[in-house]
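Remarks on the structure that follows.
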Number of protein chains: 2
Amino acid sequence: MHQDYRLLPLDDLELLEKQTLRMIVQALQQYSGEAKRIFDNAPPKGTEVIVLAEDLTQYALEVAEIYPIDRRFAGFIDYKRSRWFPTSAGLIPQVLLADAKASKENNRDTLQASQLPMDADFNVTVDGVTTAHHLDAGVPQHMEIPSAGGVLHAVTTSIFVHMYYRDVSKIQEPYRDLKDIYVLAVPHGRLKDKYNPNASTGFWGKGKHSDARQEDPRIRVYFDRLRQACPWRLQQLTYAGSTDGFTQAIWRDVDASGFETNEPFLYLPRPIQGEA
Amino acid sequence: MHQDYRLLPLDDLELLEKQTLRMIVQALQQYSGEAKRIFDNAPPKGTEVIVLAEDLTQYALEVAEIYPIDRRFAGFIDYKRSRWFPTSAGLIPQVLLADAKASKENNRDTLQASQLPMDADFNVTVDGVTTAHHLDAGVPQHMEIPSAGGVLHAVTTSIFVHMYYRDVSKIQEPYRDLKDIYVLAVPHGRLKDKYNPNASTGFWGKGKHSDARQEDPRIRVYFDRLRQACPWRLQQLTYAGSTDGFTQAIWRDVDASGFETNEPFLYLPRPIQGEA
DNA sequence: ATGTGGCCAGCGAGGCCAATT
DNA sequence: AATTGGCCTCGCTGGCCACAT
């Protein structure tokens, strides 16, 4: 049984990320009812969707935590927890990094360099000319935690919770319509060779920063390409067709032949509170 | 035994706020060691002190929570919890609203209108001319929570955690020096008559918004006047003279004669983790 | 020197549009 | 019409400075 993620076979590292995401999807599904009520009905007040996405992500995930490691980090990541993660390969110290996004787009996410878990290579085409670009990872592969008997290397796992919505009204409830919650597991830095061996292969794209204004570089994750590379890394909880206020409980995976599957799953809905 | 804060005598409402603050001061004291290590050593990256103050406030307070009420609100308040608060007058449903501030000033705090718990009247002097100003409270006196047998009215309690610091270095640790943690309990709206009967009496002052640019009005709390009005509502945890990395454990109160007192208190230091 | 007033800076986080394909 | 590139908006938080006392 391993305790150090650096000794894990890459397949086991992927499984750790998959298990992490599966748990987060369960937590979001169970909270999706209240999440939509709050998101849709919070009064407009400037940049409220940002803080709504952050708060709702926290409320969804905090009740699904596991064996905590008593170590905290401060910084720009919305939700971060150190914990012992149980896997078949061993009990792995992990730092979960989850970032909440609110967006009217549903095909990509923009990451700050500090949210990038792997060195990224990608092509950018402007005026028919394609050039290779590169951005170094800003997320360390692990955090070091002093411990009895040595230093623990807690593997970082990067999750993005993407609230896809549109505006509905400026004067009355509902002000917004939360349509889907996308959940992305962006591969750990050790998995670069598999997911992004070169600029032509991968799910990265030019960020939304302005070069002209010399803004800090950002980078984008494209949903469709992430899904093609690994279906379960792009989950979609949709409210479409919902009659009970909750999202559809479906987990995206692959079967033994490598085909994409959709597996319904059971869940315990957290009650939708606050209905007057 | 009351369950509705609206029926509490004002003195009991003050005691509820005092008990709330006392617990928060204890929590911050116990966490002050790690808080300073993290605050001082986090690498500069733009507006990092804001998020540091927020994260540290959360880490300090979340371990000191009490009997939670299963109700969540989303919004711009940094730390918010619904809970049952035990007082001698009854078990009172409460929504704690704590906002974190980072500042190089140590004599006042700026509040958004949405952080203002009472209607405020105050004088503004410009060019020798004094005029009365007014700003309506943006914090509701309570939040309504549907419950078995009726609607609970959870009293809001507004706390501000003010990290007073200065910059030290741009290139090496420590980057900052966290000097004091001020903790303010701003009186509930029902206490306006006592604390702010008119524009000439109170601790409010002109906010730091720009009228010229038509920014949303803000308002300031002046520490000295809050302390004069009610000494325990302005607490100061200072690192000055500290040899162990923790703040001085002193609670400010008043004796029976109304004189200000300083009471040392015992605490269980949370270990300062992460020292390499 | 301090205590107030208040303009502005910087920077997140996305909206949104334009140029391609 | 859908995809990708990227400029700019908007608002949140305080730094910081200028008077006034």
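Chain identifiers are assigned alphabetically (A, B, ...) following the order of the sequence lines, protein sequences preceding nucleic acid strands; residue numbering begins at 1 within each chain. As the structure is a computational prediction, the values presented were derived from the model and not from experiment. Computation of the quantities below employed the complete heavy-atom set of this structure, encompassing side-chain atoms and omitting hydrogens, waters and symmetry-equivalent molecules.
Within the structure, ring pair (Phe, Tyr, Trp, His ring centres under 6.0 Å) pairs that include any residue of residues 103-134 of chain A comprise A/Phe122-A/His133 (at least two apart or interchain).
Here B/Thr47 pairs with nothing under the side-chain hydrogen bond (donor to acceptor under 3.5 Å, both in side chains) rule; sequence neighbours left out. By the side-chain hydrogen bond (donor to acceptor under 3.5 Å, both in side chains) test, B/Asn196 pairs with no residue at all, sequence neighbours left out. Checked against side-chain hydrogen bond (donor to acceptor under 3.5 Å, both in side chains), B/Glu54 has no partners two or more places apart in sequence or in another chain. By the side-chain hydrogen bond (donor to acceptor under 3.5 Å, both in side chains) test, A/Lys101 is found to be paired with A/Gln115, residues two or more places apart in sequence or in another chain being considered. For A/Lys45, the salt bridge (Lys or Arg N to Asp or Glu O under 4.0 Å) criterion is met by no residue, not counting sequence neighbours. Among residues two or more places apart in sequence or in another chain, the side-chain contact (heavy atoms from CB on, under 4.5 Å) test is passed with A/Glu173 by A/Asn41, A/Tyr175.
Base pairing in DNA chain D gives the following stems of 3 or more Watson-Crick or G-U pairs, range against range and under 3.5 Å: C:1-21 with D:1-21.
When the P atom of D/dT3 is taken as reference, atom CG of A/Asp109 falls 16 Å away, rounded to whole Å. The CG atom of A/Asp211 sits 9 Å away from the C1' atom of D/dG5 (whole-angstrom rounding). A straight line from CZ of A/Phe223 to C1' of D/dA2 spans 16 Å, rounded to a whole angstrom.
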Going 5' to 3' along nucleotides 11-19 of chain D, which nucleotides have protein heavy atoms under 4.0 Å from the base (write B), which only from the sugar-phosphate (write S), and which from neither (write -)?
SSBBBB---
Without placing hydrogens or testing angles, list every side-chain donor-acceptor pair under 3.5 Å for residues 214-222 of chain A, not counting sequence neighbours.
from     : atom 1 : to       : atom 2 : distance (Å)
A/Glu215 : OE1    : A/Ser210 : N      : 3.0
A/Arg220 : NH1    : A/Lys206 : O      : 3.4
A/Tyr222 : OH     : A/Arg108 : NH1    : 3.2

Side-chain atoms of residues 161-171 of chain B: list all donor-acceptor pairs with protein atoms under 3.5 Å, sequence neighbours left out, distances to 0.1 Å.
from     : atom 1 : to       : atom 2 : distance (Å)
B/His162 : NE2    : B/Glu105 : O      : 3.3
B/His162 : NE2    : B/Asp109 : OD1    : 3.3
B/Asp167 : OD2    : B/Lys104 : NZ     : 2.7
B/Ser169 : OG     : B/Ile171 : N      : 3.0
B/Ser169 : OG     : B/Gln172 : N      : 3.1
B/Ser169 : OG     : B/Gln172 : O      : 3.3

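Taking for each of B/Thr125 and A/Val129 the nucleotide of DNA chain C with the nearest heavy atom, the 5'-most of the two is the partner of B/Thr125.
Residue A/Ser210 has a polar side-chain atom (N or O) positioned under 4.0 Å from OP1 or OP2 of D/dC7. The side chain of A/Lys206 contributes an N or O atom lying less than 4.0 Å from OP1 or OP2 of D/dG6.
Figure legend: B/Arg37 and B/Phe39 shown without cation-pi pairing, the cationic atom not lying both under 6.0 angstrom from the six-membered ring centre and within 45 degrees of its axis.
Once you apply a 4.0 Å limit to the heavy atoms of chain A, the touched nucleotides of DNA chain C run 5' to 3' over C/dG12 to C/dT21.
Checking each of A/Val183, A/Thr57, A/Leu111 against A/Phe160 for a side-chain contact (heavy atoms from CB on, under 4.5 Å) leaves exactly one that passes, namely A/Leu111.
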